[in-house]
Amino acid sequence: MGVISSPADDSPMADIYEEFDIPRVVNAAGTKTRIGGSRIRPEALDAMSEAAESFVRLSDLQAAASARIANVTGADAGYVTNGAAGALMLAAAAAIAGDDRAVMARLPDTDGVADEIVMPRTHRTGYDHALRTAGATIVDVGTNDPHIGTGAAETEPWELDAAITEDTAAVAYIAKSYTEPPLSVVTEVAHENDVPVIVDAAAEVPPVSNFRRFTEAGADLVAFSGGKGIRGPQTTGILAGRRDLIRSVAAQHLDMHAAAAIWEPPASLFDDWADGGVPRQGIGRPLKVGKEEIAGLLRALELFLEEDQETKQAEWQARSERIAAGLAALDGVSTHVTEGQKVSVAPEAVVTLDESVTALSYVDLLRALREENPRIFVGSDDASDGRFSVNPMCLTDDEAAHVVERVRAHLG
């Protein structure tokens, strides 16, 4: 039990990490960027290899991607970005600059331009740095009062309304099951003030239904990761939204070193706006997405939509239950399986330690697991509570058994 199968010896990537003299990771933490995201679909890798064999005009490829993303999300248009954080930065740039070529050329300098993005205070995260990178100033509203048992709401609609002024470029929203107010309320307030809403839904697929959920609630731009549940290239993201805002994204992202006399970008992306002249290189130019990544993401997206989500959830549920059962008999250890909500789309085995009984403390156990070869990463978001989670999404059955064996060996 617990033996991890090595990659096939004839695989060109079999020993790549050994060649670099670094240990592999058994990923029991979920689709975390810091340990490589998810396992890319083999078919997506094939698409990337095929795309690498020839050339294409990137604007044509993005236009094709836009049509496919629009069909999946119900939005007007879409765009492939370099991750969800890149999508957020481009979304902020589009909200600030709109169709104004002069403002595009100045960003992140926003002197004299509406650049404020209003957010409920409890939606602030390290990822809003992506919004600020475009030149935005975050204005947060609301309180943390519910967390001290007052019964008050985190953010009232009138607080959002009062914060929106002539300096407001957008309202930003983090999509999680526990975030308030409801997105439909936020979009109603924003649209009454003629302001777009940007939604960070990076890790919110699966389920497939979430692709349309946020657009249907009124979101103007929605960012998804391409390298998490979709299992596309880890460097990719999806931005879906209003046609005029996606046009601004494209204008600030694509390579704009082109002679005006022969510049004929795809009409489906730029409409008649292109007649006004070629924009300068935009703030999104450092966020390059290659033809290989776009092709790989589109193939992964196609396969993700074809997947039987109920079967996949049942697989994750069974794996989580086996992990929980395998650890529950240890002294000082209790386990339970979540229902696949909060910050994870999959059910997880949650393990709680009674450190007065267990052979190792929570911290010492997680450090010991990470020092092994291969390293073992478990979910450590609840460190203050002395518990960790084992996420089944990126594990094989052999790897799940290995995680159980190694935890049992350390806690003995």
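Just the heavy atoms: all of them, side chains too, but no hydrogens, waters or symmetry mates, feed the values below.
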Exercise. Under 3.5 Å, is there a donor-acceptor pair between the side chain of Thr73 and the main chain of Arg212?
Worked result: no

Problem set entry | Ala163 to Thr168 - nearest heavy-atom pair and separation | O-OG1, 3.8 Å

Exercise. Just checking, any donor-acceptor pair under 3.5 angstrom between side chains of Ser49 and Asp46?
Worked result: no

Exercise. How many angstroms lie between atom CD of Gln62 and atom NZ of Lys291, to the nearest 0.5 angstrom?
Worked result: 13.5 Å

Problem set entry | Side-chain heavy atoms of Arg57 within contact of Pro266, under 4.5 Å | yes

For this session: Locate the shortest heavy-atom distance separating Met48 from Pro233; write the atom from each residue and the value.
Result: SD-CG, 3.7 Å

Problem set entry | Heavy-atom closest pair, residues Thr179 and Ile174 | OG1-O, 3.0 Å

Exercise. How many angstroms lie between atom CG of Leu305 and atom CG of Leu301, to the nearest 0.5 angstrom?
Worked result: 4.5 Å

Problem set entry | Expected output: side-chain Arg101 to main-chain Gly277 donor-acceptor under 3.5 Å | yes

Exercise. Hey, does Leu61 have a side-chain heavy atom less than 4.5 Å from the side chain of Val80?
Worked result: no

Exercise. Looking at Glu315 and Lys312, does any basic side-chain N land under 4.0 Å from a carboxylate oxygen?
Worked result: yes

Exercise. Under 3.5 Å, is there a donor-acceptor pair between the side chain of Lys32 and the main chain of Gly37?
Worked result: no

Problem set entry | Pairwise distance OG1(Thr33) to CD(Gln234) - rounded to 0.5 angstrom | 4.5 Å

Problem set entry | Candidate pair Thr155 and Val186, rule side-chain contact (heavy atoms from CB on, under 4.5 Å), full reasoning | CA-CA 10 Å; Thr155 305; Val186 173; over 6 Å; no

Exercise. Is it true that the side chains of Thr122 and Glu154 contain a donor and an acceptor less than 3.5 Å apart?
Worked result: yes

For this session: Could you tell me whether the side chain of Pro181 reaches within less than 4.5 Å of the side chain of Glu159, counting heavy atoms only?
Result: no

Exercise. What distance separates Thr125 OG1 from Asp200 CG, expressed to the nearest 0.5 Å?
Worked result: 6.5 Å

Problem set entry | Interatomic spacing from CZ in Arg299 to CD in Glu43 - rounded to 0.5 Å | 6.0 Å

Problem set entry | Heavy-atom side-chain proximity of Asp161 to Asn193 below 4.5 angstrom | yes

Exercise. Under 6.0 Å from the CG atom of Asp272, do we count more than 12 heavy atoms belonging to anything else shown?
Worked result: no

For this session: Scan for ring pair (Phe, Tyr, Trp, His ring centres under 6.0 Å) pairs involving residues 18-40, sequence neighbours excluded, and state none if there are none.
Result: none

Exercise. Parallel under 30°, tilted from 30 to 60°, perpendicular over 60°: which one fits the rings of Phe388 and Tyr362?
Worked result: tilted

For this session: Dump the intermediate steps for side-chain contact (heavy atoms from CB on, under 4.5 Å) on Val222 and Thr215, then the final yes or no.
Result: CA-CA 7 Å; Val222 187; Thr215 299; 4.2 Å; yes

Exercise. Can you find a pair of side-chain heavy atoms, one from Leu160 and one from Val118, that are under 4.5 Å apart?
Worked result: yes

Exercise. Hey, does Leu353 have a side-chain heavy atom less than 4.5 Å from the side chain of Val351?
Worked result: yes

For this session: Check for a donor-acceptor pair, side chain of Gln252 on one end and backbone N or O of Ala93 on the other, with a separation under 3.5 Å.
Result: yes

For this session: Any chance you could lay out the ring-ring contact (aromatic ring centres under 6.0 Å, His included) test for Phe211 and Phe224, step after step, and finish with the verdict?
Result: CA-CA 9 Å; Phe211 273 131; Phe224 299 98; 5.1 Å; yes

Seminar exercise, completed: Between Val333 and Thr358, the two heavy atoms sitting closest are CG2-CG2, 4.1 Å

Exercise. Can you tell me if Tyr173 uses its side chain to pair, donor with acceptor, with the backbone of Ala201 under 3.5 Å?
Worked result: no

For this session: Could you tell me whether Arg375 and Glu372 make a salt bridge, using a distance below 4.0 angstrom between a side-chain N and a carboxylate O?
Result: no

Problem set entry | Electrostatic pair Glu204:Lys176 at N-O distance under 4.0 angstrom | yes

Seminar exercise, completed: One should read off an interatomic distance between Glu292 CD and Leu45 CG, to the nearest 0.5 angstrom, of 12.0 Å

Problem set entry | Carboxylate-amine/guanidinium proximity below 4.0 Å for Glu371 and Arg367 | no

Exercise. Please walk me through it: do Leu239 and Leu88 pass side-chain contact (heavy atoms from CB on, under 4.5 Å)?
Worked result: CA-CA 8 Å; Leu239 189 61; Leu88 291 176; over 6 Å; no

Exercise. Is the backbone of Trp273 close enough, under 3.5 Å, to the side chain of Asp271 for a donor and an acceptor to pair up by distance?
Worked result: no

Exercise. Taking C-beta and beyond as the side chain, do Thr31 and Met393 meet within less than 4.5 Å on heavy atoms?
Worked result: yes

Exercise. Run the side-chain hydrogen bond (donor to acceptor under 3.5 Å, both in side chains) check on Gln317 and Gln313 step by step: do they pass?
Worked result: CA-CA 6 Å; Gln317 183 75 29; Gln313 284 286 336; over 6 Å; no

For this session: Check whether more than 12 heavy atoms from other residues, nucleotides or ligands sit under 6.0 Å from atom CD of Glu310, and answer yes or no.
Result: no

For this session: Take Ile96 and Thr110, measure what side-chain contact (heavy atoms from CB on, under 4.5 Å) needs, and give me the verdict at the end.
Result: CA-CA 8 Å; Ile96 294 169; Thr110 58; 4.2 Å; yes

Seminar exercise, completed: Here the pair of heavy atoms bringing Leu254 nearest to Ser59 is CD1-CB, 3.8 Å

Problem set entry | Residue that, paired with Arg242, satisfies salt bridge (Lys or Arg N to Asp or Glu O under 4.0 Å) out of Asp99, Asp76, Asp220 | Asp220

Exercise. Any chance CG of Asp275 has more than 12 other-residue heavy atoms, nucleotides or ligands included, within less than 6.0 Å?
Worked result: yes

Exercise. Does any non-hydrogen side-chain atom of His402 lie less than 4.5 Å from one of Val26?
Worked result: yes

For this session: Evaluate the criterion salt bridge (Lys or Arg N to Asp or Glu O under 4.0 Å) for residue pair Asp397 and Arg322; output intermediate values, then yes/no.
Result: CA-CA 10 Å; Asp397 286 339; Arg322 287 196 300 272; 2.9 Å; yes

Exercise. Salt-bridged, Asp128 to Arg132, with N to O below 4.0 Å?
Worked result: yes

Exercise. Which heavy atom of Met256 sits nearest a heavy atom of Ala250, and at what distance?
Worked result: CE-O, 3.9 Å

For this session: Verify, without hydrogens or angle tests, whether Arg231 (side chain) and Arg39 (backbone) share a donor-acceptor contact under 3.5 angstrom.
Result: yes

Exercise. Any sub-3.5 Å donor-acceptor pair from Glu293's side-chain atoms to Gly290's backbone N or O?
Worked result: yes

Exercise. Is any NZ, NE, NH1 or NH2 atom of the basic residue among Lys288 and Asp255 found under 4.0 Å from an Asp or Glu carboxylate oxygen of the other?
Worked result: no

Exercise. So does Glu348 pair up with Arg387, basic N to acidic O under 4.0 Å?
Worked result: no

